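Here's the structure, in structure tokens; my notes come after.
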Amino acid sequence: MKLTLNASNKPLNSEIIIENEALRHLPGFIKNRSKTVLIADETVYRHWEGTLKSFLPKDSGVLLVRGGDQHKNLSTYEGLLKEMLGAGCDRKTLVISLGGGVISDLAGFVASSYMRGVDWVAVPTTLASQTDAAIGGKTGVNLDGYKNMVGSFWPPLAVLIDPQFLKTLDKRELVSGLGEIIKMGFAYDKNILKLVDKLDPENLLGEKLDQVSAQSATAKVDIVNQDMHESGQRKLLNFGHTIGHAVEALSLEAKNPLLHGEAVAIGMVAETKLAELEGVCEPGLTQTVTATLNRFMLPAQVSGVNPEEVSKKILADKKTRNKRTLWTLPTGVGQGIYNHEAKPENVQKAIKFIVES
Ligand SMILES: NC(=O)c1ccc[n+]([C@@H]2O[C@H](COP(=O)([O-])OP(=O)(O)OC[C@H]3O[C@@H](n4cnc5c(N)ncnc54)[C@H](O)[C@@H]3O)[C@@H](O)[C@H]2O)c1
Ligand SMILES: [Zn+2]
């Protein structure tokens, strides 16, 4: 399956190729390059080194990065830039990312800024990155405990999605990726949820998951093609992310990290509750969202955090300007609104709803 992302700020569009053996397309992007640098998650590289080597030139640079959001920061970013400089990379260098969303965000940001921008190809290896993170051109790193504060829009030339990579991913990560997919279903495309309903939570991998994944990637491309720079429609994808990012950051500080998709799951419950309190969605939608998450054992509540700390984090979110938070809220299954200003007391109630006492 092949999708095209219209990359408005670059001369070439992004090709999104979803198939087994998608890496066979790599050589086409590598030819006529001065150098190729693979920026890889070290765990993924360990699992797949043999497969990769057959698609990469022998003199490729390999830069290994530790996975996990705590490594998506300016110091890892600077280290990668220095390694590229040391290796003699120039503007004709191709960067290839191999790993989950942490690696595509990092490597994409490196590619967008090294010598004012070099080409890159993303090879996403988690469910979250194959359906969301690697698609759409947003790149960046966290700053001082705040998510994605520094970054750029720099779509890769191609996103090569091979479902086979998911075979070595652990179950918790796979389910966390499903959290983002469920978000896409509730915020934008209810057909995704129909496909999610057919999944067997005990046995996720296989053709049915491939269908869910393809439908989600298609929805993501569709949204980004309407609104690359998030001035409208793309904001729907922020559903679950305002409160989700806050609890994700707090869990990192408490050294009890939630995975991104788990935090988004909790955020979706809170923000659906907020939608109900604000009267913008049908009553009972919170229960529907929670039931979908429960089927896959995704969390709907968080423990060990203080609701006031959650509120403080929200004030520092990119979606908060002049202390006014603009919310993306669901209005029903598969549809939502954005730029909604909610009553502060309802926000407090929604936060308390997801904090386990
Ligand atoms: N740019 C965007 O539009 C966008 C959208 C959504 C999320 N994100 C970002 O993506 C990140 C989350 O991405 P993620 O969930 O993919 O996390 P991740 O990149 O940290 O990967 C999760 C874990 O899985 C391991 N792993 C990855 N692929 C594997 C494989 N095939 N086999 C075995 N282990 C594997 C990694 O080592 C890591 O420990 C967050 O930083 C989030 O902010 C970005
Ligand atoms: Zn996300």
Side-chain angles (χ1 to χ4, degrees), residues 132 147 178-194 196-197 215-216 219-220 222-224 226-227 229-248 260-295 298-302 305 307-308 310-355:
D132 188 1
K147 293 269 303 173
L178 208 51
E180 287 277 8
I181 289 176
I182 291 170
K183 170 210 73 179
M184 189 91 78
F186 277 104
Y188 184 67
D189 179 3
K190 61 181 176 200
N191 290 322
I192 294 173
L193 296 173
K194 287 187 190 145
V196 164
D197 276 348
Q215 182 75 23
S216 284
K220 175 85 191 251
D222 194 38
I223 284 201
V224 176
Q226 295 171 54
D227 176 25
H229 291 97
E230 202 175 302
S231 43
Q233 192 83 336
R234 189 169 182 172
K235 291 183 184 174
L236 288 175
L237 300 183
N238 292 332
F239 172 44
H241 279 65
T242 305
I243 293 177
H245 276 164
V247 295
E248 184 178 14
H260 181 69
E262 294 170 342
V264 169
I266 295 165
M268 277 193 276
V269 174
E271 293 173 19
T272 309
K273 185 72 188 171
L274 179 58
E276 283 195 44
L277 291 166
E278 287 286 300
V280 299
C281 77
E282 61 210 47
L285 190 60
T286 310
Q287 185 45 39
T288 310
V289 171
T290 307
T292 307
L293 300 172
N294 281 346
R295 252 195 91 218
L298 276 161
Q301 281 198 307
V302 60
V305 306
E308 276 171 30
V310 179
S311 304
K312 257 197 234 162
K313 285 278 178 201
I314 291 170
L315 286 180
D317 191 277
K318 291 198 291 303
K319 293 171 285 295
T320 300
R321 296 200 185 116
N322 299 330
K323 300 208 168 173
R324 284 164 57 214
T325 304
L326 300 177
W327 294 89
T328 294
L329 299 177
T331 50
V333 177
Q335 59 189 46
I337 49 168
Y338 44 84
N339 292 345
H340 178 86
E341 284 191 52
K343 291 193 193 74
E345 61 269 28
N346 286 342
V347 174
Q348 293 316 313
K349 279 186 199 159
I351 293 172
K352 288 204 178 113
F353 185 74
I354 52 100
V355 173

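Excluded from the calculations below are hydrogen atoms, water molecules and symmetry mates; all remaining heavy atoms, backbone and side chain alike, are included. These numbers come from a predicted model, not from an experiment.
- Put simply, the residue from Val310, Thr242, Leu274 that forms a side chain to side chain contact (heavy atoms under 4.5 Å, CB included) with Val347 is Leu274.
- Judged purely by distance below 3.5 Å, without hydrogens or angles, the side chains of Asn294 and Thr290 never pair a donor atom with an acceptor atom.
- Interatomic distance, Glu271 CD to Glu276 CD, rounded to the nearest 0.5 Å: 13.5 Å.
- Annotation: side chain of Lys147 is not in contact with side chain of His241 (no heavy-atom distance under 4.5 Å).
- In this structure the side chain of Glu341 reaches within 4.5 angstrom of the side chain of Leu326, judged on heavy atoms.
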In residues 263-270, what donor-acceptor pairs under 3.5 Å come from side-chain atoms, sequence neighbours left out?
none

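- At a threshold of 4.5 Å between non-hydrogen side-chain atoms, the residues Met184 and Lys220 count as touching.
- With sequence neighbours left out, Tyr338 forms a side chain to side chain contact (heavy atoms under 4.5 Å, CB included) with Gln233, Lys235, Leu236, Thr328.
- Here the closest non-hydrogen pair linking Glu230 and Asp227 is N-OD1, 3.1 Å.
- By the 4.5 Å heavy-atom criterion applied to side chains, Thr292 and Val289 are not counted as neighbours.
- Side chains of Leu277 and Phe353 form no contact here, defined as non-hydrogen atoms less than 4.5 Å apart.
- Annotation: the span from His245 atom NE2 to Lys313 atom NZ amounts to 12.0 Å, rounded to 0.5 Å.
- Between Val280 and Pro330, the closest heavy-atom pair is CG2-O, 4.0 Å.
- The minimum heavy-atom distance between Ile181 and Ser216, with the atom names listed, is CG2-OG, 3.3 Å.
- If you take CD on Gln215 and CG on Leu193, they are separated by 10.0 Å, rounding to the nearest 0.5 Å.
- When side chains are defined from C-beta on, Leu329 does not count as touching Phe239, because their heavy atoms never get closer than 4.5 Å.
- Judged purely by atom type and a 3.5 angstrom limit, Lys183 uses its side chain to pair as donor or acceptor with the backbone of Leu237.
- Contact of the Tyr188 side chain with the Asp222 side chain is registered, since non-hydrogen atoms from C-beta on lie closer than 4.5 Å.
- Atom CD1 of Ile192 and atom CD1 of Ile182 lie 10.5 Å apart (nearest 0.5 Å).
- In this structure, the separation between NZ on Lys190 and CD on Gln335 is 7.0 Å, given to the nearest 0.5 Å.
- Gln348 contributes atom CD, which lies 8.0 Å from atom CD of Glu308 (distance to the nearest 0.5 angstrom).
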